[in-house]
*Asks:* 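Take this structure first; my questions come after.
Computed over heavy atoms, backbone and side chain alike; hydrogens, waters and symmetry mates excluded.
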Amino acid sequence: MKSRNDSPAAPPPSHSQNDWPFTHERTITGWGRTRPTRVYVEHPSSIYQLHDLVTTSRGTVTVRGAGRSYGDAAIGRKTIDLTGCATIRSFDPGTGVLVTDAGATLQALHQLTIAEGWGLPVLPGTSHITVGGAIASDVHGKNHAQQGSFGQHLLGLDLMLGSGDIVRMSPQTHPDGFWATVGGMGLTGIIVSATIQLQRLETSYLMVERGKTRTLDESMDLIAASTQTPSHAVAWIDATHHQLRGLVDISTPATAGMLPAALQGTPMSPHGPTMRSMASFPGQGIINRRSVAAANAVRWRFPGNNGPKIVHFTTALNTLDGADFWPAAFGRQGLIQYQFSVPANGRHVLQRVLEDLQSAGHAPALAVLKSFGAAGKGLLSFPQPGWTLALDFPARAPGLTTVLSHLDEVIATAGGCVYLTKDSRLSSSMLPRMYPELLRWQQIRNRLDPTQKMGSLLAQRLNLLGEPS
């Protein structure tokens, strides 16, 4: 594997031998900007450099993509940033099969494939995540009821083990390792590349219809009705309102005949929002009870969608693209996102969670509701048949941790779980209750990585790898 030009030189005398070859120190956070952490970060630009980093370093390493996990899932003392390994290796416009390095973003894939009439079957709220991150989190979209999660559209992947060896996996050849890696939070090895089956698109536009609801049950009924047809469904819930009113967007694929004259010449446009980063607002930011309640009242009264509209898929689905202002608005301490799922019979749990938060004075600044279809095969994958709520809070809010710990118990008792990719505060004692396949995952993971090369702050905090407490 080693290349003469890519091999590391001798470590500088002033640097700790235990840290070599990790020599570039910087402060990083998750997308939520909580708990800035000083770590070593290396940016390999080839598989040879990646191999050398893995095989010559001592102790644990952490793999990182675009840094869009909200908490500490992609942070470790020795962090490998894969965004320099981002080559799209091949794409067959006849079959829609694409092979790409794990460091490529979903947006980069679409820049190549949309013009040929192919797109990713599953898109999360942002296209700025990497392919490796999408697999490690087994991300889901607003069409989970029809398309499942990201891993269900993988034909195979190449995984670099802690030994430096690369294993080519598929659901057929290495089912245990494959489904431990899909949703495995980057802890089975380093995903080097992936083969993905794309889906045919007639246009790159969606027909979006917005419904205004007065209760949480009304929002859930609209979403449930949409799952019978190919669609993307999501609800914004006004969690500051006593009846939990909302807005529900149902998006269906637009055919060429639906496009207005101005779009007839460009039915397959790959455009998407540009990500703009910004510093945090000073102090406590601009998110507080009054500002959130006022903004929610305006949003519900003036929903901004009179009748069905033709919208580019990136505008409708990648709502977080270009929205780095959102964590910045929460101030220097950042935001905590609490996303959880409950089974299909858990409607009352969603109602209780939001009412308990209101009673405790912690109504979330943002509440987003989606439905889930059949669970995937990833052993630690988050989606299960039922419902999911994503809730954003100022990390600075006093007493928030106590309230969320109470909700953990409510959700676990109902058979639900918290999304690890969004988590920054869950207790390790809750993990086995929320993820029943945890022990099996640990056993497979330990066979793939017997020297415990892969790790992260998330893994340490949750005792995810099963080390003694």
Side-chain angles (χ1 to χ4, degrees), residues 26-39 41 60-81 124-126 128-130 132-140 183-187 277 280 285 287 320 323-324 326-341 362 364-366 368 380-383 388-397 400-405 407-408 411-412 416-431 434-435 438 454-465:
R26 54 177 285 207
T27 299
I28 61 176
T29 70
W31 196 66
R33 303 192 183 188
T34 57
R35 300 175 187 165
T37 306
R38 197 75 177 165
V39 300
V41 182
T60 299
V61 299
T62 301
V63 65
R64 183 179 178 90
R68 304 291 283 194
S69 296
Y70 280 64
D72 51 4
I75 301 174
R77 176 174 174 81
K78 299 177 183 179
T79 300
I80 299 174
D81 185 317
T126 173
H128 295 307
I129 65 171
T130 62
I135 297 170
S137 295
D138 196 19
V139 297
H140 58 274
M185 304 307 295
L187 296 170
S277 183
S280 296
I287 300 296
L320 291 177
D324 264 20
W326 183 241
F330 287 77
R332 292 176 181 171
Q333 295 182 52
L335 74 91
I336 289 176
Q337 182 170 108
Y338 186 72
Q339 183 170 0
F340 66 93
S341 66
H362 286 292
L366 180 66
V368 176
L380 294 186
S381 293
F382 169 64
T388 179
L389 261 179
L391 311 173
D392 287 1
F393 304 91
R396 67 178 186 276
L400 177 63
T401 299
T402 300
V403 174
L404 295 184
S405 295
L407 296 181
D408 292 339
I411 290 158
C417 62
V418 168
Y419 194 10
L420 299 183
T421 297
K422 305 291 185 70
D423 178 57
S424 59
R425 34 69 49 202
L426 188 68
S427 165
S428 62
S429 64
M430 301 302 299
L431 199 64
M434 292 183 170
Y435 287 87
L438 175 63
M454 305 305 300
S456 66
L457 295 186
L458 174 88
Q460 293 175 25
R461 174 168 56 81
L462 294 181
N463 193 24
L464 192 52
L465 307 183

*Asks:* Taking all heavy atoms of Leu335 and all of Pro327, pick out the closest pair and write down the distance.
*Replies:*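 The pair with the smallest heavy-atom distance is CD2-CA, 3.5 Å.
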*Asks:* Going by side chain to side chain contact (heavy atoms under 4.5 Å, CB included), name the residues that satisfy it together with Ser69, two or more places apart in sequence or in a different chain.
*Replies:*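 If we apply the side chain to side chain contact (heavy atoms under 4.5 Å, CB included) test to Ser69, skipping adjacent residues, the hits are Ala73, Thr421.
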*Asks:* Within a strict 4.5 Å, meaning less than it, do heavy atoms of the Thr29 and Thr34 side chains meet?
*Replies:*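 Thr29 does not reach Thr34 side chain to side chain.
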*Asks:* Taking only residues two or more places apart in sequence or in another chain, which ones pass salt bridge (Lys or Arg N to Asp or Glu O under 4.0 Å) with Asp81?
*Replies:*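 Residues passing salt bridge (Lys or Arg N to Asp or Glu O under 4.0 Å) with Asp81: none at all.
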*Asks:* For residues Arg38 and Thr27, report the shortest heavy-atom separation together with the two atoms involved.
*Replies:*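 Residues Arg38 and Thr27, closest heavy atoms: NH1-OG1, 3.0 Å.
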*Asks:* Within the structure provided, determine whether Leu187 and Val63 are in side-chain contact (heavy-atom separation under 4.5 Å).
*Replies:*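 When only atoms from C-beta onward are counted, Val63 and Leu187 do not touch, as no gap falls below 4.5 Å.
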*Asks:* So Ile28 and Arg64, side-chain contact (heavy atoms from CB on, under 4.5 Å) or not? Walk me through it.
*Replies:* CA-CA 11 Å; Ile28 61 176; Arg64 183 179 178 90; 3.8 Å; yes
*Asks:* What residues form a side chain to side chain donor-acceptor pair (under 3.5 Å) with Thr37, not counting sequence neighbours?
*Replies:*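 By the side chain to side chain donor-acceptor pair (under 3.5 Å) rule, Thr37 matches no residue at all.
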*Asks:* Roughly how far apart are Thr130 OG1 and Ile135 CD1, rounded to 0.5 Å?
*Replies:*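 These two atoms lie 8.5 Å from each other.
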*Asks:* Got a sec, which residues hit ring pair (Phe, Tyr, Trp, His ring centres under 6.0 Å) with Tyr338, two or more places apart in sequence or on another chain?
*Replies:*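 Expected list: Phe340.
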*Asks:* Could you walk me through whether Leu320 and Trp31 pass side-chain contact (heavy atoms from CB on, under 4.5 Å), step by step?
*Replies:* CA-CA 11 Å; Leu320 291 177; Trp31 196 66; 4.0 Å; yes
*Asks:* Taking side chain to side chain contact (heavy atoms under 4.5 Å, CB included) as the definition, give me every residue that meets it alongside Ser341, ordered by chain and number, with sequence neighbours left out.
*Replies:*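 With neighbours one apart ignored, the set is Phe372, Phe382, Gln384, Thr388, Cys417.
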*Asks:* For residues Val39 and Thr79, report the shortest heavy-atom separation together with the two atoms involved.
*Replies:*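 Looking at all heavy atoms of both residues, the closest pair is CG2-OG1, 4.2 Å.
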*Asks:* Between Met430 and Val418, does the side-chain contact (heavy atoms from CB on, under 4.5 Å) criterion hold? Intermediate values first, please.
*Replies:* CA-CA 9 Å; Met430 301 302 299; Val418 168; over 6 Å; no
*Asks:* Side chain of Arg68, backbone of Gly133: donor and acceptor closer than 3.5 Å?
*Replies:*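 Such a contact is absent between Arg68 side chain and Gly133 backbone.
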*Asks:* Counting C-beta onward and ignoring hydrogens, is there a side-chain heavy-atom pair between Leu431 and Leu420 closer than 4.5 Å?
*Replies:*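 Yes; the side chains approach each other to less than 4.5 Å.
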*Asks:* Check whether any side-chain heavy atom of Met434 sits under 4.5 Å from a side-chain heavy atom of Leu426, and report yes or no.
*Replies:*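 Met434 vs Leu426: side chains touch.
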*Asks:* Any non-hydrogen side-chain atom of Asp408 less than 4.5 Å from a side-chain atom of Arg425?
*Replies:*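 Yes - at least one pair of side-chain heavy atoms lies under 4.5 Å apart.
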*Asks:* Which residues pass the side chain to side chain donor-acceptor pair (under 3.5 Å) test with Thr402, sequence neighbours left out?
*Replies:*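 Expected list: none.
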*Asks:* Below 4.5 Å, heavy atoms only, C-beta onward: do Lys78 and Thr62 meet side chain to side chain?
*Replies:*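 Not in contact.
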*Asks:* Would you please name every residue forming a side chain to side chain contact (heavy atoms under 4.5 Å, CB included) with Thr401, sequence neighbours left out?
*Replies:*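 Applying side chain to side chain contact (heavy atoms under 4.5 Å, CB included) to Thr401 gives Ser405.
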*Asks:* State, yes or no, whether a side-chain contact exists between Ile75 and Arg35 at a heavy-atom distance under 4.5 Å.
*Replies:*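 A side-chain contact under 4.5 Å is absent here.
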*Asks:* With sequence neighbours excluded, tell me which residues meet side chain to side chain donor-acceptor pair (under 3.5 Å) with Ser381.
*Replies:*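 With sequence neighbours excluded, Ser381 shows a side chain to side chain donor-acceptor pair (under 3.5 Å) to Asp138, given in chain and number order.
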*Asks:* What residues form a side chain to side chain donor-acceptor pair (under 3.5 Å) with Arg461, not counting sequence neighbours?
*Replies:*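 Once residues adjacent in sequence are excluded, the partners of Arg461 under the side chain to side chain donor-acceptor pair (under 3.5 Å) criterion are Asp72, Asp423.
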*Asks:* Would a distance-only check, ignoring hydrogens and angles, find a side-chain to backbone donor-acceptor pair under 3.5 Å from Ser137 to Val139?
*Replies:*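 Judged by distance alone, no pair lies under 3.5 Å.
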*Asks:* Any side-chain heavy atom of Pro364 within less than 4.5 Å of one from Asp392?
*Replies:*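 With C-beta onward as the side chain, the pair stays apart.
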*Asks:* Just jot down the side chain to side chain contact (heavy atoms under 4.5 Å, CB included) partners of Ala365, sequence neighbours excluded, or say none.
*Replies:*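 Here the qualifying residues are Ile287, Val292, Trp326, Phe330.
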